[in-house]
Amino acid sequence: MVRLTNSKGHPTVKGLRPVIDRSRDLEFMREALALAAQGAALGEVPVGAVLVLGGEVIGRGFNQPISARDPSAHAEMVAIRMAAAAASNYRLPGSTLYVTLEPCSMCAGLLVHARIQRLVYGTLEPKSGVVVSRGEFFAQDFLNHRVLVEGGVLAEECSAMLSAFFKARRKG
């Protein structure tokens, strides 16, 4: 793969279509599902995320706002914080974030600020998802970075995990 860079050494795709490797999407989404299950075991809403750069997972996270007493501790936020620390950079160009649930507005904004190249999500979030459910955040003209988006990867499995969690919570 030929990688073009700007004067600072950051990957650039200006005027070119980026080369996307989809060959491991299912593998990485399954890892995100496993992380979501870890969160569910702690009583957190089961959402998991992995951030991949150069074929390697450099960030992992699951929802933990309750246990961490941190309203920003969504799976995406946790994974991106870990990845930024691993990369020693607050920008993560060329990376892909896999998350089991369509991101909220906070997490969508984070993807733009972190310069995530690609978002792959599992199932829709009709109440607060902003990729397609409650608007198309990434299509807004004011954004200074474009995130490539693919949804519906292992959607049934992601949705089933969430449904089972909330069903059990209603019973309890």
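- Scanning both residues, R169 and V45, for their nearest heavy atoms gives NH1-CG2, 4.5 Å.
- With no hydrogens or angles considered, a side-chain donor-acceptor pair links E102 and S133 at under 3.5 Å.
- A side chain to side chain contact (heavy atoms under 4.5 Å, CB included) with F137 holds for exactly one of V112, V147, V149, L111; it is V112.
- Between the CZ atom of F165 and the CG atom of N63 there is a distance of 9.0 Å, given to the nearest 0.5 Å.
- Side chains of S67 and E44: a donor-acceptor N/O pair is present below 3.5 angstrom, by distance only.
- A pairwise comparison of heavy atoms in L119 and F138 identifies CD2-CE1, 3.8 Å as the closest pair.
- The shortest distance between side-chain heavy atoms of E136 and V131 does not fall below 4.5 Å.
- When the side chains of ILVMFWY residues are joined at heavy-atom separations under 4.5 Å, either directly or via intervening members, L42 and M161 end up in a single hydrophobic cluster.
- Looking only at side-chain heavy atoms (C-beta outward), C104 and H74 come within less than 4.5 Å of each other.
- Within the structure, the side-chain hydrogen bond (donor to acceptor under 3.5 Å, both in side chains) test picks out the following pairs touching residues 23-40 (sequence neighbours left out): D21-S23, R24-E27, D25-Y98, D25-R118, E31-R60.
- The minimum heavy-atom distance between T100 and P46, with the atom names listed, is OG1-O, 4.0 Å.
- L51 has its side chain out of reach of T96: every pair of non-hydrogen atoms, C-beta onward, lies at least 4.5 Å apart.
- Crowding of H145 atom NE2: a count of heavy atoms from other residues, nucleotides or ligands under 6.0 Å exceeding 12.
- The NE2 atom of H113 sits 13.5 Å away from atom CG of L92, with the distance rounded to the nearest 0.5 Å.
- Side chain of R69 to backbone of I66: no donor-acceptor contact under 3.5 angstrom is found.
- Both L154 and V57 belong to a common hydrophobic cluster when Ile, Leu, Val, Met, Phe, Trp and Tyr are linked at side-chain heavy-atom distances under 4.5 angstrom.
- Across all non-hydrogen atoms, the minimal contact from L101 to E125 is CD1-CB, 3.7 Å.
- Under the side-chain hydrogen bond (donor to acceptor under 3.5 Å, both in side chains) criterion, R22 pairs with E150, not counting sequence neighbours.
- No single ILVMFWY cluster, assembled from side-chain heavy atoms under 4.5 Å apart, contains both F28 and I20.
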Step-by-step side-chain contact (heavy atoms from CB on, under 4.5 Å) determination, L33 to C158: CA-CA 7 Å; L33 274 164; C158 295; 3.8 Å; yes
Listed pairs under 3.5 Å, donor-acceptor, residues 75-87 side chains, sequence neighbours left out:
from	atom 1	to	atom 2	distance (Å)
R81	NH2	S72	OG	3.1

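- A donor-acceptor distance shorter than 3.5 angstrom exists from the side chain of S163 to the backbone of S159, with no hydrogens or angles considered.
- Within the 4.5 Å cutoff, no side-chain heavy atoms of L97 are placed close to those of Y121.
- Hydrophobic cluster membership is shared by I58 and L110, with clusters built from Ile, Leu, Val, Met, Phe, Trp and Tyr side chains linked at under 4.5 angstrom.
- The distance from the CD1 atom of I116 to the CG atom of L148 is 11.5 Å, given to the nearest 0.5 Å.
- Put simply, Y90 and L53 are part of two different groups of oily side chains (I, L, V, M, F, W, Y) that touch within less than 4.5 Å, one to the next.
- Shortest non-hydrogen contact noted between L35 and F62 is O-CB, 3.2 Å.
- Of all the heavy atoms in V50 and A32, the pair that sits closest is CG1-N, 4.2 Å.
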